[in-house]
Q: 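Shown below is the structure under consideration.
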Protein chains: 2
Amino acid sequence: MNFTIKNALSPVKEGYTTLDIQVMEGIITQVGQNLNVIGTLIDGQDKLVLPGFFNAHTHSVEKWQRGIIPPLPLELWLAHLCDFAPLDMERVYLSALGTGVETLLSGGTSVVDHLVLIPGQELETIATVIRAYQTLGIRAFIAPLIQDEPLTAGMPEGKLLASHEYYCRSTDETLAIVEQAVINFHQPEKGTSILVGPTGIQLCTDALFTGCVALSDRYQLSRHSHLLETKAQEKLAAEKYECSAVKHLQEIGFLDEKTSLAHGVWLNDTDIEILALTKSTIVHNPLSNLRLGSGIAPILKCLRAGVNISFGCDGASSNDSQDLLEAIKIGSILHNITDPDYRSWITPKQSVEMACLGGAKGLGVHNHLGSITVGKKADLVLYDLTALSLLPRTDPIGLLVLGRPVNVIDSVWVDGRPIVVNGKLTTIDIDELRQELFDRSGWEAGRESPTLGKIESHYRRIMSLST
Amino acid sequence: MNFTIKNALSPVKEGYTTLDIQVMEGIITQVGQNLNVIGTLIDGQDKLVLPGFFNAHTHSVEKWQRGIIPPLPLELWLAHLCDFAPLDMERVYLSALGTGVETLLSGGTSVVDHLVLIPGQELETIATVIRAYQTLGIRAFIAPLIQDEPLTAGMPEGKLLASHEYYCRSTDETLAIVEQAVINFHQPEKGTSILVGPTGIQLCTDALFTGCVALSDRYQLSRHSHLLETKAQEKLAAEKYECSAVKHLQEIGFLDEKTSLAHGVWLNDTDIEILALTKSTIVHNPLSNLRLGSGIAPILKCLRAGVNISFGCDGASSNDSQDLLEAIKIGSILHNITDPDYRSWITPKQSVEMACLGGAKGLGVHNHLGSITVGKKADLVLYDLTALSLLPRTDPIGLLVLGRPVNVIDSVWVDGRPIVVNGKLTTIDIDELRQELFDRSGWEAGRESPTLGKIESHYRRIMSLST
């Protein structure tokens with residue numbers, strides 16, 4: 001579809017301008033004032049146009065457990081998560097759909113799904129979420145979540161745990177699954193990319209990491225992993241490598257300009273230098289970092305050092321939402337308490353650039369995405385500036401980032417395809433999705449996790465908590 | 001109006017139950033199962049019923065500047081705010097209306113408006129917001145924001161500032177205005193209360209505080225003030241009193257069980273003991289504390305010491321929203337990073353109790369409000385648990401507090417009067433409000449504050465920031 005947006009507000013260096021944007025066959029072909037209308041006319045009056053944000057780290061399947069896991073740190077929260085993980089494809093499909101919808105309705109046009117795989121049905125899991133994202137029309141980066149060590153290995157002194165067992169699948173088998181997923185599904189030009197996605201240093205051997213590097217090099221895949229989310233992981237890295245996790249990842253060649261790492265809460269200054277040097281990206285997930293008590297990632301330090309930053313919602317049971325505008329707001333203002341010099345605080349315009357171009361850079365796709373530039377793909381969002389939550393009128397991006405925008409998405413295009421029109425999704429029936437989510441779930445409370453009971457005393461000991 | 005809610009989900013000690021609630025003439029008359037329907041039948045199926053939250057600290061007029069003030073600490077942010085404060089009654093009316101609407105649509109039934117008064121039109125300002133809140137139907141606690149020292153006195157070593165001048169109104173004149181407001185407008189039984197509301201130690205003499213105490217005693221008024229929002233205020237208190245601000249407020253008799261104090265970011269352990277001893281309340285405003293870089297209030301320590309806590313949005317230009325559910329979420333999860341022992345972390349149910357009963361206690365009205373109890377006033381909210389943002393179904397209060405609920409308010413009653421029905425306000429026309437807010441404002445960016453230029457170098461010096 002070809003279209004021309006007329007007279008939408010758009011940020012410039014100082015303030016705003018009104019802009020026309022021509023889109024032909026999914027590509028931005030002209031940007032300027034007084035452009036001719038090619039294709040459908042889109043009235044941008046009283047609307048703000050921005051590139052689509054990247055939801056640069058999430059786990060779609062967690063949606064089935066949002067709101068139910070008690071306030072716990074990551075290592076114990078994981079026990080709950082794993083004990084009650086849903087295991088059927090219908091749920092996998094619906095949670096991907098729901099994650100995509102909430103991302104779109106909060107300004108996102110791309111989602112990075114660090115995808116939990118159902119054991120024995122790995123490729124089917126991947127195929128299922130791709131079907132959901134393609135049906136919905138959101139751009140999807142699927143990083144199959146892989147590990148080759150058991151959950152108990154993820155804790156310092158984890159080998160002491162009685163339940164420590166070998167992981168169910170060998171490293172080679174796991175890498176073979178990822179390679180097959182690449183062969184079957186990696187079609188960036190059609191809006192679906194496969195990433196290599198080792199879980200993180202806490203659950204992966206070096207062999208898995210270097211196997212991922214080899215696949216990434218062979219197929220030009222972006223790389224994605226968790227990194228130093230918790231204090232416990234910092235301890236574990238010291239145990240495992242006798243150096244920092246970042247140093248180790250650099251040494252084994254995992255870090256490059258298309259590597260994005262979720263969290264980075266426990267980075268030290270040397271780590272930050274390495275990330276800047278290797279042009280790696282930190283995906284900031286402020287809400288899950290708070291919810292799990294992980295800490296505050298040193299984002300201002302990273303920015304000063306030149307590290308690229310993007311925003312993620314993280315999985316919906318550690319957040320517990322998929323609202324990108326919420327993640328962007330909190331991920332911006334949270335850091336004001338970490339530096340008394342307000343001159344380094346993140347401005348709303350900077351936040352938007354991190355969410356757009358920062359997201360694209362983290363995936364190595366900034367030549368095609370992340371800004372409103374002639375020749376780039378038309379992943380665009382129009383915000384309705386007459387929505388109550390954006391009134392009275394002041395600074396549009398200030399309102400969007402610092403406020404609490406509700407019902408503000410007027411239109412969304414992905415690859416030039418209209419996914420949201422007049423605030424309504426064009427590709428799926430929201431009421432049907434609601435009904436499915438409702439029917440396949442029930443009210444719950446006070447759920448007990450058997451695994452939690454097994455590992456809690458170990459966790460309290462290694463974290464020096466009173467018993 | 002009499003009505004009976006049937007079969008709504010309601011939290012009990014362990015999990016949830018379905019509840020019927022009978023309301024007659026604004027009072028909850030029966031709570032239980034299988035109650036007869038008196039008056040209108042309200043179907044509670046797939047809905048959660050909670051007492052209304054308290055938006056326990058805000059400044060409605062700030063709404064005109066939300067999204068526009070750059071990232072700055074309180075003392076410099078105030079310069080922007082004051083330089084561009086709107087000065088007409090129509091704007092005062094509309095921002096109160098908007099503040100009330102956003103509070104209602106995020107689960108609040110009471111608002112504490114620490115109300116900026118237009119000089120020379122103080123009583124008219126108060127009358128105007130009361131008209132707005134009464135038209136809308138929200139319960140209002142109006143604390144006229146009073147001071148008797150000029151803005152520059154609010155900074156450490158502020159007397160050094162060249163622009164330091166005496167305040168425009170004498171202490172006695174100011175107290176006379178508050179007393180007149182009490183005589184004219186204080187009608188708690190009609191849903192409008194006047195509070196004494198000295199701005200805070202940074203801008204008030206002891207004479208103003210003790211004058212407020214006298215008025216509070218004479219008319220049984222609740223007391224409200226800011227307290228230790230910033231590091232600079234902590235320094236100022238040491239300069240001014242040679243003891244902590246809390247100790248000083250205790251000594252002059254300002255602290256009692258109907259005193260609520262906004263922020264308390266820089267409380268020390270002794271301060272917390274004093275607050276517990278005097279049964280004072282801290283109103284936690286997490287979003288403005290982050291936005292202004294003030295810090296993290298020691299809420300877990302307060303709770304352990306038995307200090308009552310409630311939640312506020314704070315004014316909409318330091319937040320920059322009036323969404324109580326957002327304040328409750330961030331005000332709950334933020335503290336997980338302050339204590340590694342997760343057993344002290346705030347649970348979603350605890351948050352709800354703080355937002356309801358905590359809010360009522362802070363205003364000394366917990367005998368009438370803050371819980372679903374026979375004999376209390378019917379300030380009730382029904383949440384639609386079939387909304388997309390609350391699906392799939394898990395723990396209803398977990399979803400509400402930890403998620404990002406959007407469009408979830410089904411019904412709201414204040415004093416038994418239906419204010420929201422089927423998600424729509426019954427008392428005002430939202431589209432008219434939007435149009436008014438739109439018409440009286442314009443897109444802005446890059447606003448320069450003349451006062452900021454005058455005080456910034458002083459601020460940087462006293463806060464030991466590089467120049």
Side-chain angles (χ1 to χ4, degrees), chain A residues 9 14-16 63-68 70-73 76 101 287 290-296 320-321 323 326 330 333-334 336-337 340-342 345-347 386 388-389 391-396 398-399 402-404 406-407 430 433-434 437-438 440-446 463 465-466, chain B residues 9 14-16 63-68 70-73 76 101 287 290-296 320-321 323 326 330 333-334 336-337 340-342 345-347 386 388-389 391-396 398-399 402-404 406-407 430 433-434 437-438 440-446 463 465-466:
Chain A
L9 276 171
E14 302 288 332
Y16 295 85
K63 197 180 233 289
W64 291 96
Q65 296 190 67
R66 76 166 161 190
I68 182 84
L72 288 170
L76 303 182
V101 168
L287 292 151
L290 295 178
R291 202 278 204 210
L292 302 173
S294 305
I296 300 181
D320 291 333
S321 90
D323 188 310
E326 181 190 34
I330 302 305
I333 65 175
L334 178 59
N336 299 359
I337 61 172
D341 197 344
Y342 50 90
W345 294 357
I346 300 168
T347 66
T386 70
L388 186 66
S389 58
L391 290 171
R393 293 187 282 173
T394 61
D395 179 327
L399 288 164
L402 297 173
R404 177 80 296 274
V406 173
N407 307 325
I430 282 278
L433 174 64
R434 283 174 51 219
L437 293 170
F438 187 92
R440 288 168 196 274
S441 58
W443 313 123
E444 286 183 86
M463 298 309 290
L465 300 172
S466 65
Chain B
L9 277 171
E14 302 289 332
Y16 296 86
K63 198 179 233 287
W64 291 97
Q65 295 189 69
R66 77 166 160 188
I68 183 83
L72 288 170
L76 302 182
V101 167
L287 292 151
L290 295 178
R291 203 278 205 211
L292 302 174
S294 307
I296 301 181
D320 293 337
S321 92
D323 188 310
E326 181 189 36
I330 303 303
I333 65 176
L334 179 60
N336 298 0
I337 61 173
D341 198 345
Y342 50 90
W345 294 357
I346 299 168
T347 65
T386 71
L388 186 66
S389 59
L391 290 171
R393 291 187 282 173
T394 61
D395 180 327
L399 288 165
L402 296 174
R404 175 83 297 270
V406 172
N407 306 325
I430 283 278
L433 174 62
R434 283 173 53 221
L437 292 171
F438 187 92
R440 288 168 195 274
S441 57
W443 314 122
E444 286 184 85
M463 298 309 287
L465 299 172
S466 66

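Naming convention: chains lettered A, B, ... in sequence-line order (proteins, then strands); numbering from 1 in each chain. Note: hydrogens, waters and symmetry copies are ignored here, and every other heavy atom, side chains too, is used. Since the model is a prediction, treat every value here as computed from it, not as a measurement.
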Q: Quick check on the interface: out of Gly442(B), Pro70(B), Ser294(B), who has the most heavy-atom pairs with chain A under 4.5 Å?
A: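 Option with the greatest count: Gly442(B).
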Q: Which atoms of Asp341(A) are under 4.5 Å from chain B, going by heavy atoms: the side chain, the backbone, both sets, or neither?
A: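 Asp341(A) touches chain B through backbone and side-chain heavy atoms alike.
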Q: Sequence neighbours excluded, which residues qualify as side chain to side chain contact (heavy atoms under 4.5 Å, CB included) partners of Pro71(A)?
A: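 Only Trp345(B), Thr347(B), Pro348(B) meet the side chain to side chain contact (heavy atoms under 4.5 Å, CB included) criterion with Pro71(A).
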Q: If you count heavy-atom pairs within less than 4.5 Å of chain A, which of Gly15(B), Gly295(B), Pro73(B) leads?
A: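 Top option by heavy-atom pairs under 4.5 Å: Pro73(B).
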Q: CD/Glu444(A) to OH/Tyr16(B) distance, rounded to the nearest 0.5 angstrom?
A: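 OH of Tyr16(B) is found 11.0 Å from CD of Glu444(A).
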Q: Heavy-atom distances under 4.5 Å only: say whether Leu465(A) touches chain B with side chain, backbone, both or neither.
A: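 It is the side chain, since no backbone atom gets that close.
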Q: Between Leu402(A) and Arg291(B), is any pair of side-chain heavy atoms under 4.5 Å apart?
A: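 The answer is yes, as the side chains (C-beta and beyond) meet within the 4.5 Å cut-off.
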Q: Give the minimum heavy-atom separation between Asn336(B) and Leu290(A), together with the two atoms involved.
A: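 That closest heavy-atom pairing would be CB-O, 3.2 Å.
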Q: How long is the gap from CG on Leu334(A) to CD1 on Ile337(B), to the nearest 0.5 Å?
A: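 One gets 6.0 Å once the value is rounded to the nearest 0.5 Å.
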Q: Dump the intermediate steps for side chain to side chain contact (heavy atoms under 4.5 Å, CB included) on Leu391(A) and Leu433(B), then the final yes or no.
A: CA-CA 10 Å; Leu391(A) 290 171; Leu433(B) 174 62; over 6 Å; no
Q: Apply side chain to side chain contact (heavy atoms under 4.5 Å, CB included) to residues Asp395(B) and Trp443(A) and explain how you reach the verdict.
A: CA-CA 6 Å; Asp395(B) 180 327; Trp443(A) 313 123; over 6 Å; no
Q: Answer with side chain, backbone, both or neither: which region of Ile346(A) has an atom nearer than 4.5 Å to a non-hydrogen atom of chain B?
A: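 Contact with chain B: backbone only.
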Q: Verify, without hydrogens or angle tests, whether Thr394(A) (side chain) and Arg66(B) (backbone) share a donor-acceptor contact under 3.5 angstrom.
A: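 Checking the backbone N and O of Arg66(B) against the side chain of Thr394(A), a donor-acceptor pair under 3.5 Å is found.
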Q: Please round to the nearest 0.5 Å and tell me the distance separating atom CG of Leu399(A) and atom CD1 of Ile68(B).
A: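 Taking CG in Leu399(A) and CD1 in Ile68(B), the distance rounds to 8.0 Å.
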Q: Who among Val101(B), Val406(B), Leu292(B) has the most heavy-atom pairs with chain A under 4.5 Å?
A: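 With the most close heavy-atom pairs to chain A, the winner is Leu292(B).
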Q: How long is the gap from CD1 on Ile333(A) to CG on Leu287(B), to the nearest 0.5 Å?
A: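 Ile333(A) CD1 to Leu287(B) CG: 5.0 Å, rounded to 0.5 Å.
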Q: For Glu14(A), is it the side chain, the backbone, both or neither that has a heavy atom under 4.5 Å from a heavy atom of chain B?
A: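 When you check distances to chain B, no heavy atom of Glu14(A) falls under 4.5 Å.
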Q: Between Arg434(B) and Thr386(A), is any side-chain donor less than 3.5 angstrom from a side-chain acceptor?
A: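 Short answer, yes.
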Q: Taking every non-hydrogen pair under 4.5 Å, which of Pro396(B), Pro392(B), Ala445(B), Gly398(B) racks up the most with chain A?
A: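 Heavy-atom pairs under 4.5 Å are most numerous for Pro392(B).
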Q: Please answer whether the main-chain N or O of Ser321(B) pairs with a side-chain N or O of Arg404(A) as donor and acceptor at a distance below 3.5 Å.
A: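 Between the backbone of Ser321(B) and the side chain of Arg404(A) there is no qualifying donor-acceptor contact (under 3.5 Å).
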Q: Ignoring hydrogens, what is the shortest heavy-atom contact between Arg393(A) and Phe438(B)? Give both atom names and the distance.
A: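 Minimum heavy-atom separation between Arg393(A) and Phe438(B): NH2-O, 3.0 Å.
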